[in-house]
Amino acid sequence: MANIRDLNADHIDILKEIGNIGAGNAATALSQLLNKKIEMNVPNVQIVSFDEMMDLVGGAEQVVAAVFLRIEGDAPGSMFFVLSLPQAERFIKQMTGDHQFSFVSLQPSELGISALQELGNILAGSYLSALADFTKLKLYPSVPALTVDMIGAILQYGLLELSRVGDYAIVIDTAVHEEQQPEDSINGHFFLLPDPDSFVPIFRSLGVELS
């Protein structure tokens, strides 16, 4: 059975190209939604262990905002979009104009929560669409669920939906910023976890045979 550890630099380059196409699609959708020019890019794609996934966002006990969804179709898997709470709050304030929004309040505004869920929905949908276009595979996202919790608990919750899963994930870094303001980018991470049997169809469709 193919393993994510079999991926090499060429495979990573393919994933980064797909990620940048997805980011471009998401930027267009966000620009229309916010009525201002939004730019996105994918500065890095890497393969990490689950422990390293948690380290990327500050450790298993770090509280984050995460949008989780399942990928169904020809290559099932799981996808998380994770933002630190300060980054998530910055995005919500920019998107809604509610500069008082805070996750530490007893009742964060429903508008802010909906805005963050919509961001995850747009990003996940754009990335999956790019992946499906490249691979010609049929891929369908489930309805995304937004969770604010410790990253360790969030990942364990998501992974419970997998019957078998390896020890590694594909991490796609994502930077979102307004045009001409890259210094104010909002930085998050996509964690893409294909089910073990999904690696072969994904990369075979791209002309790559995994050992």
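Fair warning: this is a prediction, and the values are worked out from it, not measured in the lab. For the single chain, residues carry numbers from 1 onward in sequence order.
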In Å and rounded to the nearest 0.5 Å, what is the CE to CD1 distance from M53 to I154?
10.5 Å
Does S129 use its side chain to pair, donor to acceptor, with the backbone of G125 at less than 3.5 Å?
no
Roughly how far, to the nearest 0.5 Å, is CD of Q87 from CG of L116?
11.5 Å
Side chains of S109 and D98, heavy atoms from C-beta outward: is any pair under 4.5 Å?
yes
Shortest non-hydrogen contact from Y140 toward L128:
C-CD1, 4.4 Å
Locate the shortest heavy-atom distance separating L85 from A65; write the atom from each residue and the value.
CD2-N, 3.7 Å
Side-chain touch V171/V45, heavy atoms, less than 4.5 angstrom:
no
Please confirm whether the backbone N or O of L137 pairs with a side-chain atom of T135, one donor and one acceptor, at under 3.5 Å?
yes
Check T174, N44, D173 against H189 for a side chain to side chain donor-acceptor pair (under 3.5 Å) and give me the one that passes.
D173
What's the shortest heavy-atom distance between S78 and R70, and which atoms?
OG-NH1, 3.0 Å
Between A75 and S198, which heavy-atom pair has the shortest distance, and what is it?
C-OG, 3.2 Å
If you look at every heavy atom in G22 and A130, which pair is closest and at what distance?
N-CB, 3.7 Å
Quick one: are E89 and S102 in side-chain contact, heavy atoms under 4.5 Å?
yes
Determine whether I71 and L192 make a side-chain contact, defined as any pair of heavy atoms from C-beta on separated by less than 4.5 Å.
yes
Taken to the nearest 0.5 Å, the spacing of N41 CG from E39 CD works out to 8.5 Å
Side-chain contact, heavy-atom cut-off 4.5 Å: K136 with S205?
no
Do the ring planes of F103 and F101 sit parallel (below 30°), tilted (30 to 60°) or perpendicular (above 60°)?
perpendicular
Looking at P43, is its backbone amide N or carbonyl O close enough to the side chain of K16 to form a donor-acceptor pair, meaning the two atoms are under 3.5 Å apart?
yes
Between CG of L131 and CD1 of I21, what distance do you get to the nearest 0.5 Å?
10.5 Å
Do L30 and T28 come within less than 4.5 Å of each other through their side chains, counting heavy atoms only?
no
Is the closest side-chain donor-acceptor distance between T147 and D149 under 3.5 Å?
no
Can you find a heavy atom in the side chain of F80 that is under 4.5 Å from one in the side chain of V64?
no
I151 side chain reached by V63 side chain, heavy atoms, under 4.5 Å
no
Non-hydrogen atoms of A66 and V82 that approach each other most closely
CB-CG2, 4.0 Å
First locate atom CD1 of I170, then atom CD1 of I172, and finally report the distance between them rounded to the nearest 0.5 Å.
6.5 Å
Please determine whether side chain to side chain contact (heavy atoms under 4.5 Å, CB included) holds for the pair L56 and Q46, giving the CA-CA distance in whole Å, both sets of side-chain angles, and the decisive distance to 0.1 Å.
CA-CA 11 Å; L56 281 174; Q46 56 187 317; 4.2 Å; yes
Nearest 0.5 Å please: distance from the CZ atom of F134 over to the CD atom of E17.
4.0 Å
